[in-house]
Amino acid sequence: MLVTTKEMFKKAYDGGYAIGAFNVNNMEIIQGITEAASELKSPVILQVSKGAREYANHTYLVKLVEAALKLYPDMPIALHLDHGDSFELCKSCIDGGFTSVMIDLSSKSFEENVEGTKKVVEYAHAHGVVVEAELGTLAGIEDDVKVEEGKQSYTDPSMVEEFVSKTNCDSLAIAIGTSHGAYKFKPGTKPQLRFDILEEVSKRIPGFPIVLHGASSVPQEFVKMVNEFGGHMPDAIGVPEDQLRHAAELSVCKINIDSDIRLAMTGNIRKYFAEHPDHFDPRQYLKPARAAVKDMVAHKIKDVLGSAGKI
Ligand code: G3H
Ligand code: 13P
Ligand code: ZN
């Protein structure tokens, strides 16, 4: 079933776990994620960025997700637009079969963010689609927008009530120290999310689902694999998994993961090429890449998100 995130988030909030939102760009990624989620009986969010849509084409991605739904008819899957940057893009995804969209105007003023989000919410709700919004800015790269280190800003908890009540959004992404990409913390420093901000936010909007972007943990086994087989990713560091687990126990209902998928695939493809220099059939090297995505997602569902068996 293609569903909205409404029911998923309510159960996750009450149950102290989170739903994984995995970025999808091609068939192998969709297969890896949905195979893992179906075996573990976990609901899942498949999210598509503007860049993914440009790369793979909207229709291809929707049809691939429909294929997964046909294979796993009992699994609740939400199809979500990640970091929508305009009303037009959100509308196109709403009209084109998505069940959830994010409108990310977090780099704009509070007033512009409220106005723009409200407009998307009105259209989305009229079409049975839910909306994620964002307050506060993460460092790192979000599609074409690069927020430099030092320019990011934590979410101000005193603004969330007004934002949520004025926009009527369904979930809220906040900035508590995560960032996009594979370089989230400086080497030698202790990665630490601002749980005080998260708790303050939840006190002001109790029961409201919170979203964590930039939540890859950058598994060191994949970083090692990349570096061992010809890559160069020194000091790639992610969010410690115990902190993600803790966030999931609190009000965080959606945890976004993209970089870990990229690392799992790239590490394994590099290894495959190094070990089989004569192979040139894409099926040969995409097979271990897809299996690595599946294993990584299964680990997240079981050991980090806590969403196994929650269908
Ligand atoms: O938050 C950004 C996601 O990792 C998507 O990245 O825009 O390169 O597809 P992308
Ligand atoms: P990562 O780069 O940490 O995987 O974050 C992904 C994300 O937030 C997608 O919106
Ligand atoms: Zn994001």
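In listed order, ligands and their atoms are each counted from 1. Numbers for residues simply follow the sequence, beginning at 1. All figures in this text were calculated on a predicted structure; none of them were measured in a lab. Just so you know, these numbers use all the heavy atoms, side chains as well, and skip hydrogens, waters and symmetry mates.
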Interfacing atoms of ligand 2 (cut-off 4.0 Å, heavy-atom, [X]):
X    : value
S259 : 1 (P), 2 (O), 4 (O)
H213 : 8 (O), 10 (O)
S216 : 1 (P), 3 (O), 4 (O)
K184 : 1 (P), 2 (O), 3 (O)
H180 : 2 (O), 5 (O), 6 (C), 7 (C), 8 (O), 10 (O)
H83  : 10 (O)

> Is the shortest side-chain N to carboxylate O distance from K294 to E39 below 4.0 Å?
Replying inline: yes
> With a 4.0 Å cut-off, would you call K271 and E228 a salt bridge?
Replying inline: no
Any luck finding a side-chain donor-acceptor pair between [X] and [Y] under 3.5 Å?
X    : Y    : answer
E112 : S109 : yes
K300 : S217 : yes
H213 : E132 : yes

> Can the ring centres of F98 and H58 be said to be less than 6.0 Å apart?
Replying inline: yes
>> Suppose we call two aromatic rings close when their centres sit under 6.0 Å apart. Are Y123 and F87 close by that rule?
In response: yes
> Which of these, Q47, R53, K50, sits in a side-chain contact (heavy atoms from CB on, under 4.5 Å) with D82?
Replying inline: Q47
> Only one of V129, V131, L89, L105 clears side-chain contact (heavy atoms from CB on, under 4.5 Å) with V120; which?
Replying inline: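 By the side-chain contact (heavy atoms from CB on, under 4.5 Å) criterion, V120 pairs with just one of V129, V131, L89, L105: V131.
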> At the Zn ion (ligand 3), what's the angle from H180 NE2 to H213 ND1, rounded to 10 degrees?
Replying inline: 120°
> Going by heavy atoms, is R262 under 4.0 Å from ligand 1?
Replying inline: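 True for this residue.
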Ligand-residue contact atoms, ligand 1 with [X], heavy atoms, under 4.0 Å:
X    : value
N23  : 3 (C), 5 (C)
D258 : 3 (C), 4 (O), 5 (C), 6 (O)
S49  : 5 (C), 7 (O), 9 (O), 10 (P)
H83  : 1 (O), 2 (C)

> So, do F222 and N268 sit near enough that their side-chain heavy atoms are less than 4.5 Å apart?
Replying inline: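 F222 reaches N268 side chain to side chain.
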>> Are K10 and C253 packed together at the side-chain level, in the sense that at least one heavy-atom pair is separated by less than 4.5 angstrom?
In response: no
>> Suppose we measure from atom 8 (O) of ligand 2 to each protein heavy atom; which comes out shortest, and what is that distance?
In response: G214 N, 2.8 Å
> How far is atom 9 (C) of ligand 2 from its nearest protein heavy atom, and which residue and atom name does that atom have?
Replying inline: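 Of every protein heavy atom, D82 OD2, 3.1 Å lies nearest to atom 9 (C) of ligand 2.
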>> Can you confirm, on distance only, whether ligand 1 has an N/O atom lying under 3.5 Å from any N/O atom belonging to H180?
In response: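 So ligand 1 has an N or O lying under 3.5 Å from an N or O of H180.
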> Just distances here: any N/O of N23 and N/O of ligand 2 closer than 3.5 Å?
Replying inline: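 There is no such contact.
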>> I want to know if ligand 2 touches I257 in the polar sense, i.e. an N/O pair below 3.5 angstrom.
In response: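 For ligand 2, there is no N or O atom that lies under 3.5 Å from one belonging to I257.
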> Side chain, backbone, both or neither: which part of A182 comes within less than 4.0 Å of ligand 2 when only heavy atoms are counted?
Replying inline: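 The answer is neither.
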> the Zn ion (ligand 3) is nearest to which N, O or S atom of H83?
Replying inline: NE2
> Hey, mind stepping through Y285 and H279 against ring pair (Phe, Tyr, Trp, His ring centres under 6.0 Å) and telling me if it holds?
Replying inline: CA-CA 8 Å; Y285 56 84; H279 287 187; 9.6 Å; no
